[in-house]
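Data block below; observations after.
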Amino acid sequence: MVGPAVRVRFAPSPTGYFHVGSARTALFNWLFARQQEGVFILRIEDTDAERNREEWVEGILSAMSWLNMSPDEGPYRQSERSHLYREAVDALWDGGYLYACDCSRADVEERTATNATPGYDGHCRERGLSPTDGDTSRALRFRVPDDGVTVVRDVIRGEVSFPHRSLEDFVVVKSSGQPLFVLANVVDDRDMAITHVIRGEDLLPTTPKAVMLWQSLDAVGPAVPLPTFAHLPMLVNEQRKKLSKRRDPVAVESYRDQGYLPEAFCNYLALLGWSPPGDAEKVPVQVLVDEFRLEDVHHAPAFFDVRKLTHLNGEYVRELPVTDFVAACRPWVSPVPGEWVPAIDADVAGVAGVAGVAGVAGVASPERTGTGAPPWPAERFDEEVFEAMAPLVQERVSTLGEVVGMVDFLFLVDPDIDDASWDKAIARDPGSTAVLDAAVSVYGSVPPDGWAPERIRAATESVGETTGRKLSKAQAPIRVAVTGRTVGPPLFESLALLGRDEVVRRLEAARRRVALSGPP
RNA sequence: GGCCCCAUCGUCUAGUGGCCGAGGACACCACCCUCUCAAGGUGGAGACACGGGUUCGAAUCCCGUUGGGGCUGCCA
């Protein structure tokens, strides 16, 4: 391979959580770096003082680590590199590329209100203001040439031209003395010898500014090759708007909490804006690395479809060896103190609606807000029982979070009976009491050491015979009485694991409840 | 408003001038399997935004229209 080693950077600004759009950008950078045997750099863009909470950086790091995309270099923090920006600004100032401006936003708006083209009007261009006014500094603007165009060469979009007339003299340093994003971005990309800038399409309009800054810096100091640009299509919601943190479920952490697997999540993300050769969409990460082509990235925005992600995740879940599945479920069913626990909280970036989509009605995870603790007392969790049930659950869930609602009846003292299920299978089924009675009697006559799935099936069939029902109809009231829901893992295995006496106890409890609430 | 980007089934996409009477996946519908629910299997419905060109031939190239989006901050 000839040419300079590939160096790419993922440069998020900390916001308190990891945005799925950021994750997609990071992934594409990471895939490209791995494929080119290049370097993947993490740079925290925290030039804005409001955005430099250390725990937010840790959040980014842990989310990236979960997705197996840890950086090769960094995190670098722009807040710790201000001397570099200062040097660049001084050079630019000395070269005559900048000028000081003391206009307030209100001033500019007042002057340009009636203009055809809003934006800064160049008011201070020729005023020759000093960069400081007494002991306060002034904002510094970049002098955009009046004529000509700046062409951005983009691997994905080709050449994009920006007439200088449409570009205002943009601010490069705030009046506080702090550098702005465009400046810091360019200075860092030069300093870090970035070869490819892969980022969201929303940054395309600022790219000509970056190019002009880059070329100006080349003129006042050592020249650095301009990186190749690649602007990825936006990720949008159903309204085709850029994903927003207010309304859309954008926090990667919340997907982890719900039990999506990192491999599945990355696989899905890779499908947004790009597709692997062939018909297969479920492709291992190594294939992603081998086949990914920046120039093949799609141009149009993509809708982040949780349903498709959920389906893909289900495929990954089912493919897990059972022991791995059991281990992966631990944080949800039997959290280990000190280790990571899912935070199930409806407020996490508005994911409340997602569980309903992902889960099956009646099986969707129960109300667990603000805590990742399972709904049963820790001491009632039985490792062996869970392991025995695991294969049956594994093929019925799409996310690990759904597991809780599938096995809770095994560990709860008296599982709540879902109202709709009770009505459907028992209250509004006139023959259900006969089934319950027969089940109590027939199950009670099964010797405890013969209490196994096949024997239970035979017993249930005989319940059906005495009550004139097919097996599928006979099992319904029993299932609801014992597990609390009309749907769940196979019944006979469930009853076997629960034990004969406990099953009979719950059947009798249900029978009493019917008697209490009067004849159906 | 200005600048810029974009446009194939509801969604994600394949398609780079003839292999396309447009392929796959999710979702949807039906059937099969079945102790519930899933999973799995089979089948079905479903798209080249519109109008002009170029060409023997266009989903693919060009222009326009329409529609959508992004940016337009001393945020990033």
Side-chain angles (χ1 to χ4, degrees), chain A residues 11-15 45-48 50-51 101 103-105 115-120 138-141 152 154 156-157 160-163 165-168 170-178 180-182 184-185 200-208 231 233-234 236 238-242 268 271-275 277-282 296 298-312 314-315 318 360-363 392-398 406 425 453 456-457 460-461 464 470-476 478-480 483 485-494:
Chain A
S13 82
T15 53
E45 309 238 317
D46 57 355
T47 51
D48 189 15
E50 304 298 309
R51 308 191 182 196
C101 172
C103 299
S104 69
R105 178 138 192 216
N115 284 13
T117 58
Y120 185 67
R138 289 181 168 129
L140 266 30
R141 290 183 181 270
V152 174
D154 188 286
I156 299 172
R157 285 153 216 286
V160 185
S161 303
F162 296 85
R165 291 209 41 165
S166 71
L167 268 17
E168 63 181 5
F170 55 95
V171 175
V172 150
V173 178
K174 303 187 208 181
S175 54
S176 67
Q178 291 295 308
L180 244 5
F181 151 77
V182 251
N185 198 265
E201 192 195 349
D202 49 347
L203 274 321
L204 187 52
T206 74
T207 307
H231 287 93
M234 295 276 87
V236 299
E238 277 172 299
Q239 283 70 45
R240 302 252 112 206
K241 301 245 196 275
K242 182 160 102 159
Y268 177 67
L271 262 23
L272 295 176
W274 179 76
S275 69
D279 282 341
E281 293 195 322
K282 177 174 170 295
D296 288 342
H298 215 233
H299 297 183
F303 169 58
F304 186 89
D305 187 353
V306 184
R307 306 226 270 188
K308 185 157 179 173
L309 163 64
T310 302
H311 173 87
L312 231 206
E315 292 194 82
R318 267 171 260 128
V360 176
V363 183
L392 269 16
V393 171
Q394 184 176 6
E395 58 185 13
R396 287 176 169 72
V397 297
S398 294
M406 286 223 145
I456 298 170
R457 180 195 177 98
T460 309
E461 279 169 344
K470 290 189 169 186
L471 189 54
S472 64
K473 291 292 180 191
Q475 62 93 34
I478 298 172
R479 180 185 291 279
V480 171
T483 73
R485 298 188 184 89
T486 55
V487 298
L491 184 61
F492 310 128
E493 283 80 356
S494 299

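Note that the structure is predicted; figures quoted are calculated from it, not measured.
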Base partner of B/A14, which must satisfy Watson-Crick or wobble distances under 3.5 Å: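 Partner of B/A14: none found under 3.5 Å.
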
Watson-Crick/G-U partner (both atom distances under 3.5 Å) of B/A49: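 Its partner is B/U65 (Watson-Crick or G-U wobble, both distances under 3.5 Å).
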
Is [Y] close to [X] at the side-chain level, that is, under 4.5 Å between some pair of heavy atoms?
{"X": "A/C103", "Y": "A/Y120", "answer": "yes"}
{"X": "A/R141", "Y": "A/V171", "answer": "yes"}
{"X": "A/I156", "Y": "A/E201", "answer": "no"}
{"X": "A/T206", "Y": "A/F170", "answer": "no"}
{"X": "A/R157", "Y": "A/V152", "answer": "no"}

Residue closer to the 5' end of RNA chain B, A/D279 versus A/R318 (nearest nucleotide):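 The answer here is A/D279.
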
Toward the 5' end of RNA chain B, by each residue's nearest nucleotide, A/L272 or A/L309: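 Counting from the 5' end, the first nearest nucleotide belongs to A/L272.
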
Shortest non-hydrogen separation from A/E395 to A/R318 and the atoms involved: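 Residues A/E395 and A/R318, closest heavy atoms: CA-CG, 3.7 Å.
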
Nearest heavy atoms of A/P489 and A/S494, plus distance in Å: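 The answer is O-OG, 3.8 Å.
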
Pairwise P distance for B/A45 and B/A22, with rounding to whole Å: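 It comes out at 11 Å once rounded to the nearest Å.
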
Span that lies between the C1' atom of B/A49 and that of B/C31, in whole angstrom: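 Nearest-Å result for B/C31 against B/A49 at atom C1': 36 Å.
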
Nearest to the side chain of [X] - [options]?
{"X": "A/S166", "options": "B/G24, B/C3, B/C74", "answer": "B/C3"}
{"X": "A/P301", "options": "B/C6, B/A14, B/C12", "answer": "B/C6"}
{"X": "A/D296", "options": "B/C3, B/U16, B/C26", "answer": "B/U16"}
{"X": "A/D305", "options": "B/C74, B/A76, B/C26", "answer": "B/C26"}
{"X": "A/K242", "options": "B/C74, B/G70, B/C6", "answer": "B/G70"}
{"X": "A/K174", "options": "B/C75, B/G70, B/C37", "answer": "B/C75"}
{"X": "A/R240", "options": "B/G69, B/U36, B/G73", "answer": "B/G69"}

What's [X] touching, base or sugar-phosphate or nothing? Going by heavy atoms closer than 4.0 Å.
{"X": "A/I478", "result": "nothing"}
{"X": "A/K241", "result": "sugar-phosphate"}
{"X": "A/G314", "result": "nothing"}
{"X": "A/F162", "result": "sugar-phosphate"}
{"X": "A/T206", "result": "base"}
{"X": "A/A476", "result": "nothing"}
{"X": "A/S275", "result": "sugar-phosphate"}

Spacing between A/M234 atom CE and B/C4 atom P, to the nearest angstrom: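 A/M234 atom CE is separated from B/C4 atom P by 18 Å.
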
What N/O pairs connect the protein and nucleotides 28-35 of chain B at under 3.5 Å? Give each pair on its own line.
{"residue": "B/C35", "atom": "OP1", "partner": "A/R457", "partner atom": "NH1", "Å": "3.1"}
{"residue": "B/C35", "atom": "OP1", "partner": "A/R457", "partner atom": "NH2", "Å": "2.5"}
{"residue": "B/C35", "atom": "O2'", "partner": "A/Q475", "partner atom": "NE2", "Å": "3.3"}
{"residue": "B/C35", "atom": "N4", "partner": "A/E493", "partner atom": "OE1", "Å": "3.4"}

For nucleotides 42-45 of chain B, print each protein N/O atom paired with a nucleotide N/O atom at under 3.5 Å, atom names and distance only.
none

Verdict with reasoning, A/L180 to A/V172, per side-chain contact (heavy atoms from CB on, under 4.5 Å): CA-CA 5 Å; A/L180 244 5; A/V172 150; 5.8 Å; no

side-chain N/O A/H299 vs B/C6 OP1/OP2, d < 4.0 Å: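 Result: yes.
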
Side-chain donor/acceptor of A/Y268 to backbone N/O of A/H311, under 3.5 Å: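 A pair under 3.5 Å: no.
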
All side chain to side chain donor-acceptor pair (under 3.5 Å) counterparts of A/S472, not counting sequence neighbours: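 For A/S472 there are no side chain to side chain donor-acceptor pair (under 3.5 Å) partners, ignoring immediate neighbours.
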
